[in-house]
Amino acid sequence: MSETLPSALKAASLDQAPPRRSALSTFLVGSLGHGGLMAGAIVLAAIVLIALAAPLVAPHDPYAQNLARRLIPPVWDARGTWDHILGTDKLGRDYLSRLIYGARISLLIGSVTVLISGTIGTAIGVCAGYFGGRVDAVLSYLVTTRLALPVVLVALASAALVGSSLQGVIVVLGLLLWDRFAVVTRAATQQIAGSDYIAAAKAIGCSTPRIVLTEILPNILNPLIVVATLEMAHAILLEAALSFLGLGVQPPLPSWGLMISEGKQYMFFSPWVIAIPAVALVFLVLAINLVGDGLRDVTAPENRN
Amino acid sequence: MLAFTLRRLVVALSVAFTVSVIAFALLHLSGDLAITIAGPEASPAQVEEVRHQYGLDRPLPIQYLDWLWHAAHLDFGNSFFFRESVTALISERMPVTMRLGAIALTLSLVVAVPLGVLAAVYRGTAIDRLALSFCVLGQAIPTFCLGLALIIVFAVNLRWLPVSGTATWQSYVLPSVALGWYAIPAVMRLSRNGMLEVLSQDYIRTARAKGLSPTKVVLKHALRNAIIPVVALAAVQFGFMLGGSIVVEAVFSMHGIGHLAWEAISRNDFPVVQAVVLILAGIYITLTFLADVVNALLDPRMRVA
Amino acid sequence: MSDIVLELRNVTRTFQVSQGLFRKKATLTAVAGVSLQVKRGEVYALVGESGSGKSTLAKMLLGLLPPSSGEILIDGAPIAAKNRVAVARRIQPIFQDPYSSLNPRKSIAQLIALPLVVHGIGSAAERHRKVLEMLDVVGLPRRLLNASPSQLSGGQRQRVAIARALVMRPEVVICDEPTSALDVSVQAQILNLLLELKRELGLTYFFISHNLAVVEHLADRVAVMYLGRFVEERTRAGLFAGPEHPYSRALLESVLTPDPDLGVPDTHLGAVFPNPLTPVAGCPFNPRCPGAVDLCRAEAPPLVRLPDGWATCHFAPHGAARTVAA
Amino acid sequence: MALLEVEDLVIDIPTAMGTLHAVGGVSFALERGETLAIVGESGSGKSLTSLALMNLLPKRVQRKAAKIAFDGQDLTTISQAGMRRLRGNRMAMIFQEPMTSLNPAFTIGDQLTEALLCHRKVGMKEATDRAVHLLEKVGITAAGQRLRQYPHQLSGGLRQRVMIAMALMCGPDLIIADEPTTALDVTIQAQILHLIADLKKEFGMAVILITHDLGVVARVADKVGVMYAGRLVETGTSRAVFKQPRHPYTRGLLDCIPVPGRTQPGMPLGAIRGQVPNLIGRLDGCAFRNRCDFAGPECAADIPLVRTGADHEVRCARLDATEVAA
Amino acid sequence: DKARDTLVYASDTEAENVGPYHNNVREGVIIARHAFDNLIFHDLATGKYQPQLATSWTWVDPQTLDLTIRKGVTFHNGDPLTADDVVFTLNWAVSPEAKVVTKQNVAWIKSAEKIGDDKVRIHLNGPFPAAIEYLSGPVVIYPQKYFEKVGLDGFAKAPIGSGPYKITAVTPGKGVTMEKNTNYWKDSPLGQPSIGKLVFRIIPDQETQLAELMTGGVDWIWRVQADQAKQLEAAPNLTVLAAETMRVGFLQLDAQGASPGSEPLKDPRVRQAIAYAIDRKAMLDNLVRGGARIMNSACFIDQFGCTDKGVPRYDYDPAKAKKLLAEAGYPNGFSIDLYAYREREYAEAVIGYLDAVGIKAKLNFLKYAAMRELSRANKTPITFQTWGSFSVADASAFTGVWFKGDADDRARDQQVTDMLKKADTTVETEARLAAYAEALKVIAERAYLVPLFSYSSNYAFTKDLEFSAQPDELPRFFTARWK
Ligand SMILES: Nc1ncnc2c1ncn2[C@@H]1O[C@H](COP(=O)(O)OP(=O)(O)OP(=O)(O)O)[C@@H](O)[C@H]1O
Ligand SMILES: Nc1ncnc2c1ncn2[C@@H]1O[C@H](COP(=O)(O)OP(=O)(O)OP(=O)(O)O)[C@@H](O)[C@H]1O
Ligand SMILES: [Mg+2]
Ligand SMILES: [Mg+2]
């Protein structure tokens, strides 16, 4: 049945004698003990490394086409060759190389989008949470408005307006995906703004920017990082959806979403064309989500001693 | 309660107003409307005539109010592409999307809520881990990949269900699964977390101390409180689903408003896009408003707020 | 310079409590017309039940909340005229909950040094020296310098909070229930420390508590607060020898000393609970007062002066004889 | 035969860093109509002990006992269903947090009648009548209307009364009250304690009162158990324990609290140095020895409870020394 | 579906308007052929023109054509089809307010008049020998009374014709339903329709079409990708048919440099370089296949007047392309936008080839209508176009659209326009051929567009269906029947 934690526990469990493990080492121990987090982190790290070292690890030029050698199946197929381990696409481009370069694009989209949306969302959330009152009402209404707009549709429409391109997709997604940041940081900030150490900082004479930057921000970092990872996955998936619908990244850039979209026509007879980027995408998103979930578990207050 | 409702109503209306401004801007950012309406071969004089005829030479605020007035009467002008009333186009496609969304939502609630409750009640056991893994995996699979996979397996290979279209109820099964899938993790997590939180509350301990059976504790005392956020989320999810149905409708060639909007975007048919954005936002706003009210009804504490 | 460091003149603080957009906002009077004077070097204690406005008053003294009306003076100068930074150098707080009053992301050294940093006092080395000094003063081992608050016990944390409050050498320390979250054994340590520091540094305490036993041990003067008002202000000895206000009396009776020969006292108080949103006519205490009569329900009680303070009650037993009516 | 007999109750909690021995070998017996108070600092295992009696411990917390017998029934082997029949029926519990211990989604009436409807074959009407009756008993006026109210519409003191009424619904033989007054103001605390004492007399129930307030214990308990680090270090009649405390910890505690009239205002209070030990890992000997002035090498061994009087047992290896000091 | 006597055919594009004069997509042409009648019938088997609605026709002079209209034909709503309807249709189609989408189809007509009970005279704007071909293709006859009653918008929703099938439902975005016209006039050269119901379903996705075909959701699809077509042949319940079509794929270059970023294209050397850069043979062999051919001229090689003799060829030569680029002042290439609307992989292959010579092309993949609009608004530097000439087997149906100064002419080369005008109006066959050859040569020299190849169309349909494909990319379901 449920775990009913005696309310005194929170205080009691804190009230133990030093020396104890530092926050960092508890975090590390927690992380190492968290299977999902570790698995996710390893896969993610691998993908990031491969993406960074793309020119070194990619066996071919991802853009070099050779129509005479199109649609070669991967090496595990009887007709496959070791020259093209994952086969070639419809234009005879090496699929493995495209996949490797595609990782760069997905990660780029994920990280830059999160950077933009995170900045916007955090600014909004912290202001709303800290100042409360009217500011909060206005900013909450902003968030509601944003939530009322259907993301895919607005992203598609904006992409159509600004012209679909890598930069366009990043900017559009960055300007759209800040809502969760705002909601989470707002809640976290509200909680912190009411705590005595903020009152203490004010009583000491700290300026508002100082309070926000040194007292509040570090303390909402955990949820922020968690949201950032999850939103990164979200952004990558959305880009894939936009590319799938034809208004995302444009060819010949090897974005995974685009590769899936292009591979769609071969899904009945050469299913690997679509399966390979789809699996890669699922893996990446899965890894990021695992890391995000894991971080949430590890940094959640009930798990911190 | 009345005051609460009215306050929420004001927020809803102001959000709707903002969305309408955005939708209006969308159309006017898409290019010179007079030229678009007059057609590419029109002479400058003809363009001017169209401009005058459609009132496009008036100041923007006036145009906006005029448009808003018509939009409020569900008159969204004519489609650039079909040269037909947008309202007619949309009302013809709306039932498909609504049906799709409703089935998908029901599906995801039916799966996710019990799963979340079970996971919470059996926290830390295999059931919980299974449910959570299912969640993480679910989130990582892009809707369109899932849709395609469903087509290959259930429509093409097994031939159980139709590939596309909206002819029979069977046509809705696969799309609803693909669409509902997306919401399952969110709903499940929320019911699980809500349930966990409620189960750790003191009043659950009180209920158990009264000698109530575990089922009664969970179903009466816990669920009633845990379900409240799920109600709100269900409404939000329905809004998101209507927005997310673009992808699903595209994959399954269903002629709903998502598909209409997508095609309209690729044809630069912005009156349609605008209307769909506005309608989806309107539905979202209405639903969240209703959810707030229902929440308030469910939670006696909120009635005095 | 007079010996009155802190003075409140008819200070009122109200909150607008929203009850819905179209319903009128209700006015909650958290502090109603409070006047007081704190002398340099004394311990001025404030007792009262939960929600009576003690913390609100403390926040106003700290400059964290502006009063709705009335004046707060430090050394005779209104604090509105000074800015928060200037106030901060002279008045410092110690909060109730040592778990939430320390930023968990900072080290002990950073926490204690923060006031110095904010006010730009000293070089880094000097600040470090001061921090070490403060650790000694509050009796914390130096090895905790780089520890984080989560590694400390409640008592240790409260010491850190005290060190932080005192590092700027303020004149007045506002203690808002500094020991109520602590176990008795730790409470004793902290109370001893506070008394010791007061002696050594010549501090003035504004000490808030709901524990009359603690107040008796610490205070020079005691004010009793009920529903935002002061109902009695006396010297310690006077109050504990003979409380004039029935609420003070009930408070005093409710102190449960560990004496197995005594039973649980019956305070004869009513069970009606005060709601600051719906003020009662007459004496605010009348719904619970065992001796309330019609007069109490009709008229606000007068301020009754006593040799060692004052009380507000129609029937202050000693006051009646020696009153200089308000 | 005693109503409740507990022998060698052990509660272990597996944690990431090792097993936490929260309660180590607690034994006591309770007669009908008797009040046992268990007192100890935060984290000493009081709440877990009480939850263990009701078999309401969180799942991963492990309970072991040589014997837990309630009115002749062995609770260590009883089935879940059998335990449920006892809970709320013959043994009831009052929790510490009146604010959160009531379900906000249901009316007072619903929550009050629930236990009765569950355990007895009674109709709604009958249950409601009893609820009204009990609400009036605990001093709530207009009880009939209160039944339709939701918890958030009541103040803390009222809610705690509702909690008490709820525990009384089935006329239990034993009531376990875990810090029933800690969250309340002192005047209300006195009222509630008074109420419990009255009700106990009226219904002839046995009460286990858990608290950290020595004052409360001294005033209401027949028997006292002092807990430290998961063990009972001293038990006996309230008179024996408070008049002749023998364990250094009990003495330390008693010295810590300021008592109006007894402690000298402004003078240092007695204090227990050091901190509570970490309960994770093996604990040998006296857990208090690192804070004890009398500690000697013999304290590192396992120490039995030593009977020092008719109704007085102490777990100390240096009784000789403490006697001299007394 | 044979059981329900309903042929469901699917295609990916939707006509913005079912009215034959108001769309220029192939799907619209197909519907027009089924629901409307032409005046003259072009028998592809014999290459001869035969009477259809016109029982006979005579050239009065090179600019005047007299026709006798058949009696006894009725529109689907029962109204008789008369000479008045013919006169009305033609005069309306040339009027500016009709806003006919492909002007070329009717631009040769000056006016029509009724010169007898069943006699109609068409006045031409100038000599136009291809007139008969147009009358047997895009020019269909509308019912005057009905059209005047419902207007253009009403007609789009419920069009009425006289053809072998009547349109019963038009659902924008979804498709069109047609039913057999049981009263179809007896002697029609089209023959009598056999299948009871035709359902045109718009399925934008090739794969969905394919899946639907495999699972029996639709009976007939076309434009199946060469790769898939090969695989589909193995399916037991399907027939796959490959045939060359009149459709020609080409790159249209904004030689005027009017679009953003199209400055380099003003230089003919750059345009030639683009032509040299593309390996058309490789594309043909690997991507297109199925009997398609490389095109060197700006028309379909089998059209009357179309020839590649004496026309310069741009065989794959990346080195030369680079050299030309360098000469034009772009040794490092340049970046440019490329627009396309179908066969994305062809466009991508082109981009790959351009990339190899240093031209960084960015693909913009749009719906046809959107792309056409952008192109007509001078916003597309390079467009990957295809043109099926409305199945008109005359070179004018190609060159006339792209080079005669109309909306789709992005070269705007007056000299070329004049040469084509001359060719279009030359009556004498040899002279006409020579005129076209000369114009085509100039077009190719200046490389206004880069012809790539003709298309092959792969049809795939259920084995139950007896269907034969024609090279003009115009499926005729009225001749199809169930086995
Ligand atoms: N920001 C605020 N907005 C609205 N009401 C407030 C606010 N702060 C305090 N109050 C109200 O003012 C009254 C006094 O609160 P205050 O915190 O000063 O009481 P207190 O005496 O410190 O109580 P406690 O002993 O529980 O700390 C309470 O009724 C409280 O609800
Ligand atoms: N669910 C749990 N998980 C881990 N440790 C626990 C749990 N419950 C209790 N503990 C630990 O067991 C010990 C005893 O806890 P308990 O709640 O019984 O103390 P208490 O005496 O009731 O304290 P308080 O006076 O604060 O209520 C504490 O050290 C606490 O940290
Ligand atoms: Mg307070
Ligand atoms: Mg406890």
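Keep in mind that this is a model prediction, so the values were computed, not measured. Labels below follow one simple rule: chain letters A, B, ... track the order of the sequence lines, proteins then strands, and each chain is numbered from 1.
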Who among [options] has the most heavy-atom pairs with chain B under 4.5 Å?
| options | answer |
| --- | --- |
| D/M54, D/H119, D/M83, D/R85 | D/H119 |
| D/I176, D/L102, D/N55, D/N103 | D/N103 |
| D/Q80, D/M166, D/E114 | D/E114 |

* **Result of checking D/R84, D/Q111, D/R87, D/M93 against B/K210 for side chain to side chain contact (heavy atoms under 4.5 Å, CB included)** => D/Q111
* What is the distance from atom NZ of D/K59 to atom OG1 of B/T125, rounded to the nearest 0.5 Å? -> 6.5 Å
* **Donor-acceptor contact present, side-chain B/T206 to main-chain D/S101, <3.5 Å** => yes
* Cation over ring, B/K220 on D/F106, under 6.0 Å and within 45°? -> yes
* Structure fact -> For B/R208 and D/L56 the tightest heavy-atom approach is CB-CD2, 3.6 Å
* To do: Would you name the heavy atoms of D/C118 and B/G211 that are closest together and state the gap between them?
  => SG-O, 3.8 Å
* Count the heavy atoms belonging to other residues, nucleotides or ligands that lie under 6.0 Å from CD of D/Q145, then report whether that count exceeds 12. => no
* **Other residues, nucleotides, ligands: >12 heavy atoms within 6.0 Å of B/F17 CZ** => no
* Please determine if B/R205 and D/D178 form a salt bridge, counting it only when a charged side-chain N lies under 4.0 Å from a carboxylate O. => no
